[in-house]
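Only one structure is covered here, and it is reproduced in the block below.
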Amino acid sequence: MQWIAPSEKDSATTTLEARLWDAADQFRANSGLKPQEYSGPILGLIFLRFAEVRFAVLRAKLQAAGGSARRGSRVDDPTAYQAESVLYLSPEARFDYLLTLPESADIGAKVNVAMREIEQHNPTLAGVLPKTFNLFTSTLLKELLKKVSEIPATLDYDAFGRIYEYFLGEFAMTEGQGGGEFYTPSSIVRLLTEIIEPFHGRILDQACGSGGMFVQSARFVAEHQKNPAAELAICGVEKTDETGRLCRLNLAVHGLEGDIKHGGNVNSYYDDPHNATGKFDFVLANPPFNVNAVDKERLTDMVGAGRRFPFGLPRTDNANYLWIQLFYSSLNARGRAGFVMANSASDARSSEQTLRQQLIEARAVDVMVAVGPNMFYTVTLPVTLWFLDKGKASTSSQARTDKAAARPEPVEGHPDRANTVLFIDARHIYRQVDRAHRDWTPAQIGFMANLVRLYRGEALDLTFGGGEAAAKIREVFGQTPVYGDVAGLCKVATLQEIEAQGWSLNPGRYVGVAAGENVSDEDFNEQLVALNEELEVLNAQALELQTRIAQNIASLLS
């Protein structure tokens, strides 16, 4: 199925974003610093602008409320702000104060003091805020403060979040490959959250980067008229200290708190700082792909039923199936996971095939979505989205949809969901943002998420995607929508069919091509890339086997 949406953007927001990015670009041109050196300070000032808007609104309410004879006014009481998930800002830590400083002042030093003041009054941000503003001249900082002040104070909470996410994405593109380690495009994350439906519970990301998975989960909850701070317990792991601080800053921008373990010697392969096994309702992640040189000797005590690696360790020097097992084992009996994975993991052979077979036979694999190229800022390769649901074999859809009080009754889903997997080919569903980048529109995301809901027997949810998504669902699945296989789009495969395909989880093997459609050059290129990835894996396995044989022969002859 092909659905290429026209490019469209809110011109006012786009103009504002462009103006702000131009200001940020002055840092690159005039400071001589690398993006990773100036991105933190710029995001820190945008964060401060947002924090002051929320602070000012609550301060006005506290002033209007006055105070009791016993307690007095709470206008300058930090706990009054913290109780409403708003950061308290002392006079010297407010954006407007910094904005009005003359260029003759040491603005860099003043901003550093402001950041320390914020951390002092808001312990959850201790050690998080940037304090390197002394690297920049007062003239440069004054100009940036003016540009950031152009963000209208009337912008809503979500609009500030979008601007912040825009900057994260722009820095990801500027920083090249490294940027992809901390930023996953919002449309990818949005589909992940729409499909796992994190209404309430504990949520984990063991490769959390800048925290986009948490922000989108909170947005999902808020759009369903609930308070994210009350509904979600956020836990994350990030090996890079700088990126972990960025995650905590991103959470604070959105009025959230989380238990983020980062830096030092924390590494998700070897460490389990949240004691995660069997504890989480939701897992969301975009882990690094095809990592080698993991010390598997350190993992042997974590192998076995009820442990972090329940199905065993792969013989190949590739961590993909370590990540997959970490996500699976972190879920409780009804938990759901959604994560991004290299295409090669869907078809990997040898020991990885054995691990994948066990995962499929555990009835945990729920949905697989093939994603086309150019959806990420820093890599062009296509990827696959994996969705696990430990509860699909034993609990009804109604039990989960009850968490959304306004949902209508569920529809009839697949009669034997426990013994099937839904495959979706979304490679030809996208919006072309520019020559090198694609994303999904809200309608496209809503359509795919509701396709999954039809399969599961859940009620349609058009909170995201609205009427356009509803119209597409009716066009494809009937006026009273009922799931059915659609060539070129989706296919429900039984475990027997999957076994016949060598336990492959590659959607392209099952979905087929719609009538009248030809295999395009792009499809051929994707197939060639996938075959090349498989060849590389096989070559690595052959080299590993050759080395092992040589060692065995050497030991026999010694």
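Worth knowing before you read on, the calculation uses all heavy atoms, side chains too, and leaves out hydrogens, waters and symmetry mates.
Counted by atom type alone, Thr463 and Asp461 present one or more donor-acceptor pairs between their side chains at under 3.5 Å. Using modelled atom types, one finds no donor on one side chain facing an acceptor on the other under 3.5 Å when comparing Tyr321 with Ser351. Using modelled atom types and a 3.5 Å distance limit, the side chains of Asn286 and Thr184 yield a donor-acceptor pair.
Between Asp366 and Arg417, at least one side-chain N (NZ, or NE/NH1/NH2) sits under 4.0 Å from a carboxylate O, which counts as a salt bridge. Taking 4.0 Å as the cut-off between side-chain N and carboxylate O, Lys261 and Asp271 do not count as a salt-bridged pair.
For the pair Lys392 (side chain) and Val365 (backbone), a donor-acceptor distance under 3.5 Å is present. In this structure a side-chain-to-backbone donor-acceptor pair under 3.5 Å is missing from His428 to Ile4. In this structure, the side chain of Gln206 does not engage the main chain of Val237 through any donor-acceptor pair within 3.5 Å. With hydrogens and angles disregarded, no donor-acceptor distance shorter than 3.5 Å links the side chain of Glu194 to the backbone of Gly446.
Taking 4.5 Å as the limit, every side-chain heavy atom of Leu422 sits out of range of all side-chain heavy atoms of Phe387.
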Distance-only criterion, 3.5 Å: show the donor-acceptor pairs between side-chain atoms of residues 291-300 and protein atoms not counting sequence neighbours.
unit_1 : atom_1 : unit_2 : atom_2 : d
Asp295 : OD1    : Glu297 : N      : 3.2
Lys296 : NZ     : Pro314 : O      : 2.6
Lys296 : NZ     : Arg315 : O      : 3.3
Lys296 : NZ     : Thr316 : O      : 2.9
Thr300 : OG1    : Glu297 : O      : 3.2

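Taking the ring axis of Phe280 as reference, the NZ or CZ atom of Arg202 stays within 45° of it and closer than 6.0 Å to the ring centre.
Among residue pairs with one or both ends in residues 488-507, none qualify as ring pair (Phe, Tyr, Trp, His ring centres under 6.0 Å); sequence neighbours excluded. Within the structure, salt bridge (charged side-chain N to carboxylate O under 4.0 Å, His left out) pairs that include any residue of residues 468-489 comprise Lys472-Glu475, Asp485-Lys491 (at least two apart or interchain).
Remark: aromatic rings of Phe447 and Trp3 are close, center separation under 6.0 Å.
Within a 6.0 Å sphere centred on CG of Asn265, heavy atoms belonging to other residues, nucleotides or ligands number 12 at most. Counting non-hydrogen atoms of other residues, nucleotides and ligands closer than 6.0 Å to CD of Gln358 gives a total above 12.
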